[in-house]
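Heads up, the thing below is written out as structure tokens.
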Amino acid sequence: MRLAGTRYQEHGWEQVRKLLGQCSLHVFRQCTGLLAPDEMLDWYMEAMAVALSANAQLARGEAAGNSYGDSVAQLSMSLLYELQVQPSYWDAFMIALQADYAKQGAFWLNAAGEGALRKKINDMFATLRDKVDSDNYQAATGRPCSPNRIYTYRMLDTAYHDVAQIFANWEHNAAQVSAIFGREVLAMPIEVRQMRSIADCRAEWIIRWSESLERFRGTPGPLHTKSKRFASLKNNAEKIGAMLREIGEYEAISANLDLETWQQDHDEAANWLEDYLRVASEAVESEVPDRILPPGEEDEDEPETGPAPVAEAPMSEEARALAESRAAALSLPLRYIEMAAAAQDAGSWISRTLRDVSLPVRLAVYQKLLGPADDSYPQEWLDPDTSELPTVQQLATLDGISVPTMRKRRNDAITLLQAVPRTE
Amino acid sequence: MKSPDQKLQERLLLSRAVPGDRLMLADEVLLAALNGTQPLSVGELAVLQASPLTLRRFRHLALELRRAAQPAAANDAAWSGSHGMLRAAASTEALEALATDDGYWTLHFVPEGEDWQLILALNPAAPFAARLLRERPEVRVTDGGGAIVLQGQLDSDGECERSWAFPSAPAEHFQQYGAQFSVAPVSG
């Protein structure tokens with residue numbers, strides 16, 4: 001299914017899910033006990049990034065993940081990064097993991113327990129993708145949307161495909177086709193020929209298809225299960241019809257996909273930031289009340305604000321000399337720190353905000369938020385051996401600190417960036 | 001154009017966990033701020049900054065506007081005419097300039113005592129600029145009522161200058177005639 005803004009709703013998702021599951025099992029084999037959820041998340045992110053990039057060139061990773069040109073490996077990586085934007089999904093996973101761990105210890109280390117771990121991982125990413133795509137949909141359309149609504153679109157899309165399949169074979173499914181139409185079907189129904197896309201599918205057909213599914217297949221249809229999930233929908237043909245048409249219309253529009261426009265979008269950070277800064281600078285004190293949209297059905301919480309910044313002394317000459325010897329020990333260019341520092345954009349808002357933060361910590365910030373390899377990185381930042389940023393371990397060594405301290409300082413720096421007003 | 005710092009700034013703005021985040025400002029409000037017709041209030045700006053989702057909508061609209069402003073790539077050397085509108089905000093002050101919607105032409109109004117001098121200027125970045133500068137065709141500016149405001153041959157700088165011929169001031173005049181104008185080649 002294609003829907004405005006969404007990335008994870010097409011057939012390729014099955015492969016994304018499998019790749020994330022496979023890599024998760026792989027990294028958990030190196031995990032013998034549990035840490036605090038945020039430490040576990042740091043570990044998981046790093047180990048998964050390595051595992052996923054190892055798969056990027058393999059058949060499963062290279063396969064198309066959607067029709068926008070994202071590969072399975074790319075989609076897996078971007079969903080992994082969403083996990084740190086939405087840590088509540090990780091926390092829910094950790095709660096489930098800890099519950100089983102309390103009873104059985106590191107259950108994932110035996111073959112029987114791998115299935116249980118895979119299921120927890122699947123659940124986490126399956127719910128996360130709908131959250132991410134509902135946000136994507138809202139950004140693309142300006143209309144409110146919840147993860148639940150995305151799930152409903154997908155259910156209707158699946159239902160339509162099943163109905164289309166039944167229609168295509170209508171001679172062999174005469175009784176079921178009759179049930180869907182609500183009348184006896186003796187000859188090829190005109191509606192069957194007229195239904196060219198999901199936009200032509202009528203809501204009543206979906207409702208009657210779901211209603212009669214238990215009779216023909218032995219399992220109740222999605223609108224008629226005991227769960228209350230779609231209970232309100234089965235009496236709302238109008239809503240179903242509107243959603244079916246929306247999917248159909250977007251699929252028709254996106255059939256002439258402008259891949260160039262889509263990819264261009266990724267490279268336009270500078271352009272819209274310019275607009276953002278201009279709009280921010282033009283804001284005025286106003287007498288009239290703020291024009292804020294009323295909340296929808298969902299509750300809202302207070303936005304989070306970060307704690308106070310943590311400052312660190314700038315590097316001394318001595319420390320730089322030390323860093324050079326450390327660079328040599330890591331097989332990085334001897335003057336790595338010096339050259340990487342010179343390649344920074346010293347005038348940027350990021351540089352100014354992080355002026356008291358050491359360079360290795362700063363690079364760890366980029367690594368965490370943009371990934372180890374990004375085509376915007378200057379050559380001087382990369383490890384010539386891997387063409388990626390140095391790993392967190394290497395950065396910690398460069399800075400002469402332990403890996404946990406590096407992670408803590410990096411996370412503090414991110415908090416600092418998030419706390420400062422971004423309107424300069 | 002992008003630098004890692006711009007990308008990181010973008011990521012920090014857009015990828016933050018804000019539990020219960022939702023679209024906080026309507027498209028009309030965001031578009032009016034982007035177009036400069038109605039700025040955000042300080043409170044609305046604070047709401048925008050605190051909501052990554054609304055910021056993402058803002059980003060989407062900003063990029064859409066920028067794309068719409070870009071000239072079409074195909075057949076770019078052809079030009080059959082450009083249209084423009086008098087902006088509501090412009091009418092309250094003395095009119096200094098009007099631009100066509102595609103940005104290829106600007107009409108400057110230079111006060112000369114009681115009168116005005118009109119200068120039509122071709123944007124050298126227009127895709128058809130090279131051809132027009134070479135051929136120097138006769139062009140015509142008409143108001144919303146179809147009356148000719150200016151007509152003449154483009155000079156080698158891509159400009160054409162005439163004095164204002166109407167009784168009322170330019171802003172008033174355009175306001176009176178549908179607040180629109182067009183620039184087109186004189187055919188034949």
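Letters A, B, ... mirror the listed sequences (proteins, then strands); counts begin at 1. Note that the coordinates shown come from a computational prediction; the quantities given were computed from them, not determined experimentally.
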Passing candidate, side-chain contact (heavy atoms from CB on, under 4.5 Å) with A:D135, options B:R56, B:R57, B:R22: B:R56
Reported CE-to-CD1 distance for the pair B:M24 and A:I292, which is rounded to 0.5 angstrom: 5.5 Å
Which of A:D345, A:V365, A:I414 touches chain B most, by non-hydrogen pairs under 4.5 Å: A:D345
Backbone of B:G36 reached by a side-chain donor or acceptor of A:E282 within 3.5 Å: no
Quiz: residues 79-92 of chain A side-chain donor-acceptor pairs under 3.5 angstrom, not counting sequence neighbours:
residue	atom	partner	partner atom	Å
A:Q84	NE2	A:K368	O	2.6
A:W90	NE1	A:P37	O	2.9

Trace of the side-chain contact (heavy atoms from CB on, under 4.5 Å) decision for B:K7 with A:Y377: CA-CA 10 Å; B:K7 283 190 82 170; A:Y377 294 153; over 6 Å; no
Inter-residue atom distance A:L369.CG - B:E10.CD, 0.5 Å rounding: 12.0 Å
When B:G43, B:S41, B:A62, B:P52 are compared by non-hydrogen pairs under 4.5 Å with chain A, the top option: B:S41
Residue, of A:P289, A:A139, A:S286, A:A283, that accumulates the most heavy atom pairs under 4.5 Å with chain B: A:A139
Rounded distance [0.5 Å steps], CG in B:L65 versus CH2 in A:W272: 13.5 Å
Proximal component of A:R278, with respect to chain B [non-hydrogen, under 4.5 Å]: side chain
Interface moiety of B:D5 toward chain A, non-hydrogen atoms closer than 4.5 Å: both
Side chain / backbone / both / neither for B:L14 at chain A, heavy atoms under 4.5 Å: side chain
Distance, nearest 0.5 Å, that separates CD1 of A:I350 from CZ of B:R11: 11.5 Å
Residue B:L48 versus chain A: region with a heavy atom under 4.5 Å: side chain
Residues which pass ring-ring contact (aromatic ring centres under 6.0 Å, His included) with B:F109, listed by chain and number, not counting sequence neighbours: none
Polar side-chain atom of B:R16 near backbone of A:Q418 as donor-acceptor pair, under 3.5 Å: no
